[in-house]
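Only one structure is covered here, and it is reproduced in the block below.
Atoms considered below: every heavy atom in the structure, side chains included; atoms not considered: hydrogens, waters and symmetry mates.
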Amino acid sequence: MPSPFPGMNPFLELPTFFPGLHDRFIDKMSDALQAQLPAPYYADIRDCVTVEFDERRIEPDVNILHGENSGEGSSFLHDANSGTAVAEATRAQPLLIRAPHDEHRETFLTIYAGGEHERLVTTIEMLSPSNKTPGTQGRDLYLLKQREVLESRVHLVEIDLLRGGRHTTAVPEERLKAQSGPFDYQVCIHRWNKFGDFAVYTIRLEEKLPTIDIPLLPKDPPVAIDLQAVFDRCYDTGPYRRRVRYAELTPQPELTPARLSWARERLATVQPSPQS
């Protein structure tokens, strides 16, 4: 049974489901690319790990360990010549502080031109919630990577299937809003050989995901990838038909009353799936 929505499924934006969808999407998109890329190009999946430290001081979550004598400021030795006690400073003991942290692993796609002089041609990123959350290391590192790619001879493709969070794709937000109508999702493509230009696909919740052109080297034509077909494959092979209990969940960010009514109508047309 397919997803009850024509394009992106808003219930899969919930933190319970999105990380799995993220990795499946990268995997299925890699398969779709691999089937179409001409030689000597090939697609490869890479990953990066970021660690977020919680800087809040919460006593149960932070342990400070002291040495056995850390409460003593000094010790005393007897001077045989003067017969007086001489203070000797004890060696300072470091504090061992354990801070809670979360480890995030994110996958992304790369396209290489193989051969004698192998080179990276295109980087494909699917944005995660941490990429769009201000003040997190995940966002800071992503923006640093984004800037490095933009300043290199590598194409950048960014897929944003999250309605929430801060604008993060490389296209300037003000210019995008000035030229587009309302949208929920977007795909931003920057070609290194067309500096300053951004090809942006804006997508409404009610619409299918688009077919996009993945750029290769300037001498070669782009490869067309149907993102809706990729998403449908993720839904078909994933756990969502059994795991997502639509009647018990509310999309986040919340939908407007009109859109929520539309979503419930879509769900009502779908045959209930067995729960397990």
Do [X] and [Y] have side chains that approach each other closer than 4.5 Å (heavy atoms only, starting at C-beta)?
| X | Y | result |
| --- | --- | --- |
| Asp44 | Phe108 | no |
| Pro215 | Ile189 | yes |
| Met29 | Ile26 | no |
| Met126 | Leu161 | yes |
| Asn193 | Leu217 | no |
| Phe198 | Thr169 | no |
| Thr110 | Thr122 | no |
| His167 | Pro172 | no |

Can you see which heavy atom on [X] is nearest to which on [Y], and at what distance?
| X | Y | answer |
| --- | --- | --- |
| Leu249 | Arg264 | O-NH2, 3.0 Å |
| Val149 | Ser152 | O-OG, 2.7 Å |
| Pro129 | Thr133 | O-OG1, 2.7 Å |
| Asp197 | His190 | O-CD2, 3.3 Å |
| Ser30 | Ala43 | OG-CB, 4.3 Å |
| Lys28 | Cys234 | CG-SG, 3.7 Å |

For residues 6-15, dump all side-chain donor-acceptor pairs below 3.5 Å to protein atoms at least two apart in sequence or in another chain.
from  : atom 1 : to     : atom 2 : distance (Å)
Asn9  : OD1    : Phe11  : N      : 3.0
Asn9  : ND2    : Ser3   : OG     : 3.3
Asn9  : ND2    : Tyr246 : OH     : 2.9
Glu13 : OE1    : Arg163 : N      : 2.8
Glu13 : OE1    : Arg163 : NE     : 3.4
Glu13 : OE2    : Arg163 : NE     : 2.8
Glu13 : OE2    : Tyr185 : OH     : 2.7

For this session: Would you please test Gln186 and Val171 for side chain to side chain contact (heavy atoms under 4.5 Å, CB included) and show each step?
Result: CA-CA 11 Å; Gln186 60 163 305; Val171 61; 4.0 Å; yes
Verify same cluster id: [X], [Y] (apolar side-chain graph, 4.5 Å):
| X | Y | result |
| --- | --- | --- |
| Ile214 | Ile203 | yes |
| Leu156 | Leu143 | no |
| Val200 | Leu162 | no |
| Leu127 | Phe25 | no |
| Val244 | Phe18 | yes |

Return yes if some donor-acceptor pair links the side-chain N/O of [X] with the main-chain N/O of [Y] below 3.5 Å, else return no.
| X | Y | result |
| --- | --- | --- |
| Lys132 | Thr168 | no |
| Thr237 | Arg233 | yes |
| His155 | Trp192 | yes |
| Gln36 | Ile225 | no |

Seminar exercise, completed: Residue pairs meeting side chain to side chain donor-acceptor pair (under 3.5 Å), one or both in residues 199-218, sequence neighbours left out, come to Glu206-Arg259
Taking only residues two or more places apart in sequence, or in another chain, which ones meet [X] in a salt bridge (charged side-chain N to carboxylate O under 4.0 Å, His left out)?
| X | result |
| --- | --- |
| Glu158 | none |
| Asp232 | none |
| Lys194 | none |

Exercise. Can you check side chain to side chain contact (heavy atoms under 4.5 Å, CB included) on Val157 and Leu109, steps first, answer last?
Worked result: CA-CA 9 Å; Val157 178; Leu109 265 174; over 6 Å; no
How many angstroms lie between atom [atom1] of [X] and atom [atom2] of [Y], to the nearest 0.5 angstrom?
| X | Y | atom1 | atom2 | value |
| --- | --- | --- | --- | --- |
| Ile124 | Arg46 | CD1 | CZ | 13.0 Å |
| Leu255 | Leu205 | CG | CG | 6.5 Å |
| Leu260 | Thr250 | CG | OG1 | 7.0 Å |
| Cys188 | Ile212 | SG | CD1 | 10.5 Å |
| Asp160 | Asn131 | CG | CG | 9.0 Å |
| Tyr41 | Asp220 | OH | CG | 3.5 Å |

Exercise. In terms of the angle between their ring planes, are Tyr42 and Tyr112 parallel, tilted or perpendicular, with boundaries placed at 30° and 60°?
Worked result: parallel
Problem set entry | Residues Gln34, Asp31; criterion side chain to side chain contact (heavy atoms under 4.5 Å, CB included); working and verdict | CA-CA 5 Å; Gln34 213 73 268; Asp31 291 344; 5.7 Å; no
Exercise. Restricting to pairs with a member in residues 214-235, which pass ring pair (Phe, Tyr, Trp, His ring centres under 6.0 Å), not counting sequence neighbours?
Worked result: Tyr235-Tyr240
Exercise. Do other residues, nucleotides or ligands put more than 12 heavy atoms under 6.0 Å from the CZ atom of Arg119?
Worked result: yes
Exercise. Among Glu125, Glu151, Glu106, which one satisfies salt bridge (charged side-chain N to carboxylate O under 4.0 Å, His left out) with Lys145?
Worked result: Glu125
Exercise. Per the side-chain hydrogen bond (donor to acceptor under 3.5 Å, both in side chains) rule, which among Asp23, Asp27, Asp47 passes with Thr107?
Worked result: Asp23
For this session: In plain terms, say whether Arg241 and Asp236 are close enough for a salt bridge, that is, a side-chain N and a carboxylate O under 4.0 Å apart.
Result: no
For this session: Starting from the C-alpha separation in whole Å, work towards a yes-or-no answer on side chain to side chain contact (heavy atoms under 4.5 Å, CB included) for Val187 and Leu227.
Result: CA-CA 10 Å; Val187 178; Leu227 295 186; 3.7 Å; yes
